[in-house]
Undergrad: 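Can you read through this structure? Questions will come right after.
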Protein chains: 2
Amino acid sequence: MKMSDVAKMANVSPATVSRVLSNPELVSKKTRDKVLEVINQVNYQPHIVARQFRTKETKTILAVVPDITSAFFSEVLRGIEHTAIREGYQVILGDTENSVERENDYINLLLQKQVDGMLLLTARLEKEKLEELAEHFPIVLACEYIDGLNVPTVSIDNISAARKATEHLIKLGHERVAHICGPMNVILGRDRLRGFRQAMMSHDLDVDPSYIQEGGNESLESGYNQMMKLLALETPPTGVFVYNDEMAMGAMKAVKNSGLRIPEDIAIVGFDNLKMASVVEPHLTSIDQPKYKIGQKAMSILIQKINKEKITKQSFVMKDHLFIRQSCGGQSFVSSSEQKT
Amino acid sequence: MKMSDVAKMANVSPATVSRVLSNPELVSKKTRDKVLEVINQVNYQPHIVARQFRTKETKTILAVVPDITSAFFSEVLRGIEHTAIREGYQVILGDTENSVERENDYINLLLQKQVDGMLLLTARLEKEKLEELAEHFPIVLACEYIDGLNVPTVSIDNISAARKATEHLIKLGHERVAHICGPMNVILGRDRLRGFRQAMMSHDLDVDPSYIQEGGNESLESGYNQMMKLLALETPPTGVFVYNDEMAMGAMKAVKNSGLRIPEDIAIVGFDNLKMASVVEPHLTSIDQPKYKIGQKAMSILIQKINKEKITKQSFVMKDHLFIRQSCGGQSFVSSSEQKT
DNA sequence: ATTTTTCTTGAAATTCATTACAAGAATGAT
DNA sequence: ATCATTCTTGTAATGAATTTCAAGAAAAAT
């Protein structure tokens, strides 16, 4: 059943049927009703691929994430999807599982015009390649970013957020503060380390090199292992800022398994403010990223790009917020309203 | 740059270029190399939508999930995506956020031929509608299912798994066993309740109606609230089987907030075996669903359907497994290898 | 060397909706 | 009543690949 069949049945031209579907105001009420009746009667569904082919729009965008199993990204994705659907777009999901090659593979969807634009929630590609690509296709970065990149980017200020997290520990009196790093090949890993260093420096605190635990991936297990190494030191830290909540939960597990208490023996701050942060015991103090909003914002900028609107700013920095809970002490009571956070 | 341009440059017909791309064995080595050289030289990318239009295949499938933010589904999704990519398919993600209307909306992608098939990880539609749809389009259900539905379905046996979970509590000596239910409008909610009832019955244990906590959604908060109600009873239960891990974690929070201990005062069993189950304290005993495998299996059946292969079985029941941890007592030590689970 | 078979290749049709353009009808202005 | 303007509709071109069919070339068989 195609448009021309509907046209015949309604005694109009295919052009008119097309107009009824996409520009109904161009068709007289009488004709329109006649056509709509036939459409309903035969249950006609336009062949969208044919439309896409003709209009050169797929109304589909690609969202590339480094890890779909991460609670962080699924919130961002929801922000993306809501905005996408509201604007009539579909979302294709591309999970790279932290692999640059797979990130590269997804670019083909753009080159082959299968999607109208791309949202990168990971940025491990080379800067030049990405910029070159962004000249020809609508691309927006979110969460991760590349320094000085000439492509719209939505994220928080990771350095200052990490500084804030570290300073929270310092203000609570900790002097032996350590950092469990994220992956150093990702800018977020480097930024959060940088923020940590800045905070220590500006409070005239030494950073023992063994207090900086690099290595491993972003997993819970990695957080566990790195905390174990810190605990094995002759003088372990009393406060630890961890790259993200998932690793922080691994780190907490390590502390508890070692028979130590949080926050009395070791205070911990995480990053991302996952839902789980207020479920684990003790509740985890953490930097909140406005995940849903980041997704929304990134998607709406992408749509602007697709519509060839001029984007004046290239960098959109969202507000982060330190949620103080029990894992650092200094506040031991969590109100019942907090559990809804 | 289109195929005909490449053809001209290589002094061949467009048909030959097409064959080089999709059936290279039909083209002589000499011609093939010549064409490939031009393709590389001008960096030609075929227009995939045009191909889709012509071949009536999009090589894209739709995966409809009730909630992308759930840790459970993201694992299943990964199984789906791996298999999809291996077979040359893209995955469009449809998040319904537990709404039947949105589930319905996604069906349009099928009707309009935007996808070659659909994977439903939720099944709130009417049976007849779904069966009718499945006659015309490749559809596979996973995780959820509909009784007696004539559409391939991949899932575990929820009733027997729930029975197993409940029996674990009973075997540990609990007689006052309660169930915190999932949503009753979802078959999984009803099944797990049924399994709970069966286990109680077959051990001649009464089920106090107030021990069956219905209502609410699948969220952590709901688990918290329902456990609070159980604790408020004159004689609270000593063991609780909770619909899923997320709710179980909410329930654990309620127990702890009430100053009670797990498992000494209240033993808890969850369902799904999320990664978090072995992070929360105490580690949560839970029924494992082979999430990744379910995704894999469902996707490969879908591909078989797309390829019009005959599927003999309609129901694929995967193995579940009870992971015994600390939340029920009876085993207090968790080996270090377990933490990798 | 001739016939048969298999390999290669190209011409042209096909997929289905959109849209520029033009023409005719209807409305409004004078 | 006539002309100008606006509305409505249809004709036909268009997009970029794939694929059927046929023809000519090459290889194999006799």
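This structure is a prediction, so every number in the text was calculated from the model and none was measured.
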Undergrad: Expressed as a whole number of angstroms, how long is the span from B/Lys56:NZ to D/dA16:P?
TA: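 One finds 19 Å between P of D/dA16 and NZ of B/Lys56, rounded.
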
Undergrad: Would you say A/Tyr44 places a side-chain N or O within less than 4.0 Å of OP1 or OP2 belonging to C/dC16?
TA: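 The answer is no; no side-chain N or O of A/Tyr44 sits under 4.0 Å from OP1 or OP2.
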
Undergrad: What is the distance from CZ of A/Arg54 to P of C/dC16, rounded to the nearest Å?
TA: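 It is 16 Å, rounded to the nearest whole Å.
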
Undergrad: Indicate whether OP1 or OP2 belonging to D/dG10 is found under 4.0 Å from a side-chain N or O atom of A/Thr16.
TA: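 Result: yes.
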
Undergrad: For the side chain of A/Ala15, counting heavy atoms from C-beta on, which of C/dT9, C/dT19, C/dT18 is nearest?
TA: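 Among the listed nucleotides, the one closest to the side chain of A/Ala15 is C/dT19.
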
Undergrad: What is the distance, to the nearest angstrom, from the CG atom on B/Leu21 to the C1' atom on D/dA17?
TA: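 The answer, rounded to whole Å, is 10 Å.
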
Undergrad: Hey, are B/Asp67 and A/Arg78 close enough for a salt bridge, meaning a charged N less than 4.0 Å from a carboxylate O?
TA: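 Counted as a salt bridge, because a side-chain N and a carboxylate O are separated by less than 4.0 Å.
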
Undergrad: When the distance from CG of A/Leu26 to P of D/dG10 is rounded to whole Å, what number comes out?
TA: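 Result: 13 Å.
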
Undergrad: Does a side-chain N-to-carboxylate-O contact under 4.0 Å join B/Glu144 and B/Arg124?
TA: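 Salt bridge flag = yes for B/Arg124 with B/Glu144.
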
Undergrad: Report yes if a side-chain nitrogen or oxygen of A/Thr55 is closer than 4.0 Å to either non-bridging phosphate oxygen (OP1 or OP2) of D/dG15; otherwise report no.
TA: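 A/Thr55 to D/dG15 OP1/OP2: no side-chain N or O under 4.0 Å.
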
Undergrad: Round to the nearest Å and state the distance from B/Gln114 atom CD to C/dA17 atom C1'.
TA: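 Rounded to the whole Å, the gap is 14 Å.
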
Undergrad: Atom CG of A/Asn11 and atom C1' of D/dT9: how far apart are they, to the nearest Å?
TA: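 It works out to 13 Å between those atoms.
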
Undergrad: Under 4.0 Å, heavy atoms only, any strand: does A/Val12 hit a base, just the sugar-phosphate, or nothing?
TA: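 Here A/Val12 touches the backbone only, sparing every base.
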
Undergrad: For the pair made of CZ in B/Phe53 and P in C/dA17, what is the distance, rounded to whole Å?
TA: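 Taking CZ of B/Phe53 and P of C/dA17, I get 8 Å after rounding.
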
Undergrad: Do B/Lys129 and B/Asn104 pass the side-chain hydrogen bond (donor to acceptor under 3.5 Å, both in side chains) test, and can you show the C-alpha distance, the side-chain angles, and the key distance before you say yes or no?
TA: CA-CA 10 Å; B/Lys129 181 162 185 184; B/Asn104 252 303; 2.5 Å; yes

Undergrad: Rounded to whole angstrom units, what separation is found between the CD atom of B/Glu25 and the C1' atom of C/dC7?
TA: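 Interatomic distance, CD of B/Glu25 to C1' of C/dC7: 12 Å.
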
Undergrad: Is the shortest side-chain N/O distance from A/Ser18 to OP1 or OP2 of C/dT19 below 4.0 Å?
TA: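 The answer is no; no side-chain N or O of A/Ser18 sits under 4.0 Å from OP1 or OP2.
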
Undergrad: A/Val17 near the nucleic acid: base, sugar-phosphate alone, or nothing, with a heavy-atom cut-off under 4.0 Å?
TA: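 No contact at all - A/Val17 keeps every heavy atom at 4.0 Å or more from the nucleic acid.
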
